[in-house]
Amino acid sequence: MQPDVDAWLARALAAHRGHYAAPAAREAAAGLLHPPVLAHAALLTVLVQLVPGADVDQLPFAARLAAADSEAVGDLAAFLTRALTAGSPA
């Protein structure tokens with residue numbers, strides 16, 4: 001059950017749904033949620049920016065990646081975010 005809860009939290013955080021619609025709640029989450037959930041949310045956030053029209057619910061592989069190595073997933077999300085911010089092709 002825990003992986004399902006973690007995936008739901010990550011999707012809600014990435015999509016700014018429910019409780020995470022409030023910016024303060026998203027900021028507070030960084031200190032409350034464990035690293036795989038935060039990495040999963042970060043990856044979902046950047047992936048939906050890379051693929052317009054994609055929805056966080058269409059990216060189940062992100063949860064598996066975050067569970068396998070959340071630090072690497074966080075690094076990947078940061079790298080992709082920098083690429084998008086710089087206007088580089090992804």
Can you tell me how far [atom2] of [Y] sits from [atom1] of [X], rounded to the nearest 0.5 angstrom?
| X | Y | atom1 | atom2 | answer |
| --- | --- | --- | --- | --- |
| L9 | H19 | CG | NE2 | 9.5 Å |
| L38 | S70 | CG | OG | 9.0 Å |
| R11 | Y20 | CZ | OH | 13.0 Å |

key: Qualifying residues under side chain to side chain donor-acceptor pair (under 3.5 Å), relative to R64, sequence neighbours excluded   = none
task = Could you tell me which residues satisfy side chain to side chain donor-acceptor pair (under 3.5 Å) with Q2, sequence neighbours excluded, listed by chain and number?
result = D6
query = Any side-chain heavy atom of R26 within less than 4.5 Å of one from L13?
reply = yes
query = Does a side-chain heavy-atom distance below 4.5 Å link V37 with H34?
reply = yes
inquiry  = Does anything in residues 43-52 form a side-chain hydrogen bond (donor to acceptor under 3.5 Å, both in side chains)? List the pairs, not counting sequence neighbours.
reply    = none
ask   = Partners of D4 by salt bridge (charged side-chain N to carboxylate O under 4.0 Å, His left out), sequence neighbours excluded?
value = none
key: Those residues that, when tested against D55, pass salt bridge (charged side-chain N to carboxylate O under 4.0 Å, His left out) (two or more places apart)   = R17
ask   = Are F61 and V48 joined in one hydrophobic group, where the rule is that I, L, V, M, F, W and Y side chains link up if heavy atoms are under 4.5 Å apart?
value = yes
request  = Give the cluster check for V5 versus L32: same hydrophobic cluster or not, with ILVMFWY residues linked at side-chain heavy-atom distances below 4.5 Å.
outcome  = no
Search all heavy atoms of [X] against all heavy atoms of [Y] and return the closest pair with its distance.
| X | Y | value |
| --- | --- | --- |
| A66 | P36 | CB-O, 3.4 Å |
| A15 | V56 | CB-CG2, 4.1 Å |
| L44 | A62 | CD2-CB, 3.9 Å |

query = Which residues satisfy the side-chain contact (heavy atoms from CB on, under 4.5 Å) test with L76, sequence neighbours excluded?
reply = L43, L80
